[in-house]
Amino acid sequence: MNISPLQKARYAYKPKLPAVLAKDLASIGIELGKPTDSIADKGEMKKIFAATYGKPVARFVKGKGLDAQKKLTVGVILSGGQAPGGHNVIAGIFDGLKAGNKNSKLVGFKGGPSGLIEDDFVLITASFMNEYRNAGGFDMIGSGRTKIETPEQFAAALATAKKHSLDAIVIIGGDDSNTNAALLAEYFVGKGEKTQVIGVPKTIDGDLKNEYIETSFGFDTATKTYAELIGNIERDANSAKKYWHFIKLMGRSASHIALECALECSPNICLISEEVEAKKMTLKAVAEGIVSVVAARAANGDNFGVALIPEGLIEFVPEIKVLIGELNDLLAAKAADFAACKDFDAQKAFLAKNLSKASAAAFAALPAEIAKQFLMDRDPHGNVQVSRIETEKLLIAMVEARLAELKKAGKYKGKFSALAHFFGYEGRCAFPSNFDADYCYSLGYTAFLLIAEGLTGYIASVRNLNKSAKDWTAGGIPLTMMMNLEQRHGEKKPVIKKALVELDGKPFKAFAAKREEWAVKTAYTFPGAIQYYGPAEVCDRPTFTLELEQAKKK
Ligand code: FBP
């Protein structure tokens with residue numbers, strides 16, 4: 001493999017650890033809190049997680065002396081979409097294991113959870129690990145979206161765990177993968193198997209967070225990468241003064257990525273899906289809002305601009321949300337009938353017959369190319385793949401049509417020429433920022449300590465992230481604490497609740513206070529590229545979202 005100068009320099013970077021973890025293992029102790037409850041549906045959760053429900057919050061402290069010398073064999077899985085820093089989580093687990101006992105082993109299961117089911121693995125050696133330290137991507141062992149859900153899959157995971165005599169498995173993933181981790185932990189305890197299961201909060205989407213998980217890893221680097229690109233586009237727009245750029249940003253359902261990028265770049269428009277839902281805005285009303293900004297800027301002679309669109313927007317428009325819910329249930333319940341439809345016309349006829357009247361009308365009103373994107377395969381967790389729905393193009397078409405009407409009526413004299421962009425994959429494998437490199441390494445090290453302590457059904461938690469790394473705290477929280485029942489594939493299932501943008505939260509309020517000014521005035525901010533070497537205020541700065549959210553606790 002050719003190695004770039006930056007890659008070489010990053011191999012040598014030593015991630016910062018919280019002071020409490022930077023000590024001898026013998027001087028790290030654990031403090032356990034009171035029993036916990038799930039966020040909702042306690043009765044059902046207690047039944048589903050009979051063996052692992054309600055464990056206490058754990059926190060590592062100095063002084064009590066943890067016994068971490070035991071020789072361990074641990075498996076690790078990267079699950080779901082890529083997020084910068086995954087390799088550093090593995091490095092943290094690896095270094096922790098070796099610090100405890102140099103004969104401990106780390107087994108990487110390849111290609112996501114399917115690697116565990118199929119026993120497709122690689123033994124992680126020191127030299128193999130060193131090729132991936134502080135590097136982006138998940139290519140060290142690969143990732144995948146297979147869900148462990150059938151009895152056969154659980155049995156296969158058990159067989160692999162037994163074959164390797166695994167003391168623990170670490171699942172590095174988002175809300176769905178950590179839900180799977182909770183179920184696997186429960187299954188192993190139920191079967192009397194020693195294998196512990198520990199989760200690690202990963203996802204660029206930033207929607208796996210709560211009081212104990214201040215952010216998921218990858219959000220920092222991905223948003224900074226997108227913000228650099230958006231800033232560059234803003235500068236281009238303001239130089240050429242001839243295009244409106246509609247930029248869709250990854251993030252699945254939640255708008256955290258779009259909101260963070262807006263706080264970083266001060267664009268003319270940033271839609272927030274959660275607000276669209278709260279205000280019950282129709283698709284037409286959303287387009288109308290954009291039209292009013294385009295017209296106001298045109299009246300000042302500014303026929304250019306930048307609009308940010310969260311990828312999940314379409315799911316939050318009330319009439320479309322109902323449509324997607326019905327489609328998910330219908331396509332799960334009548335999969336064979338739907339598969340038998342030979343073309344799009346047959347699919348439309350099938351849907352007209354089986355959807356509610358309102359949803360059938362909402363589907364029929366979509367342009368054919370967009371409507372087809374609603375019918376693409378669901379992901380293994382039953383979610384519609386919003387990254388494949390071209391909302392940015394749909395909105396451009398709607399805005400164009402409305403401006404043409406206004407022009408005809410003599411109410412608009414500007415020019416509207418729009419370009420569509422979609423930023424997602426550009427940011428998921430970037431070299432982790434110093435924040436993500438440090439955070440991920442600390443999460444991995446924490447996961448090892450949770451294993452050494454004999455815990456199962458926990459997710460690693462590193463907190464106080466708006467302070468410098470030495471002041472971070474580390475511990476674990478029981479996965480069941482983050483769960484409730486939700487409708488999936490037409491059935492109620494235990495899942496980790498997604499954290500959406502809170503409209504009364506500080507990040508949204510900071511944006512709402514400025515957006516009217518940004519809409520009309522060209523007040524772009526240019527964040528520039530992520531810096532890895534230089535002053536801490538440039539290189540180690542966390543996201544605005546994290547700074548604002550954690551400020552509330554002071
Ligand atoms: P995770 O939730 O697994 O971290 O994935 C995040 C994400 O990048 C979403 O933002 C996006 O909608 C999705 O993955 C795209 O999935 P895929 O990589 O399968 O195309």
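For ligands, and for the atoms within them, numbers begin at 1 and follow the listed sequence. By convention here, the first residue in the shown sequence is residue 1.
Counting heavy atoms of neighbouring residues, nucleotides and ligands inside a 6.0 Å radius, atom NZ of Lys393 does not exceed 12 of them.
Considering only residues two or more places apart in sequence or on other chains, Ser216 meets the side chain to side chain donor-acceptor pair (under 3.5 Å) condition with none of them. Partners of Lys492 by side chain to side chain donor-acceptor pair (under 3.5 Å), not counting sequence neighbours: none found. Residues satisfying the ring-ring contact (aromatic ring centres under 6.0 Å, His included) criterion with Tyr524, sequence neighbours excluded, are absent altogether.
Checked against a 6.0 Å centroid threshold, the rings of Tyr439 and Phe217 do not count as neighbours. The aromatic ring centres of Tyr441 and His87 sit 6.0 Å or more apart.
Each of Gly80, Gly81, Arg145, Lys202, Thr203, Ile204, Asp205, Met250, Gly251, Arg252, Glu311, Ser387, Tyr425, Arg428 has a non-hydrogen atom positioned under 4.0 Å from some atom of ligand 1.
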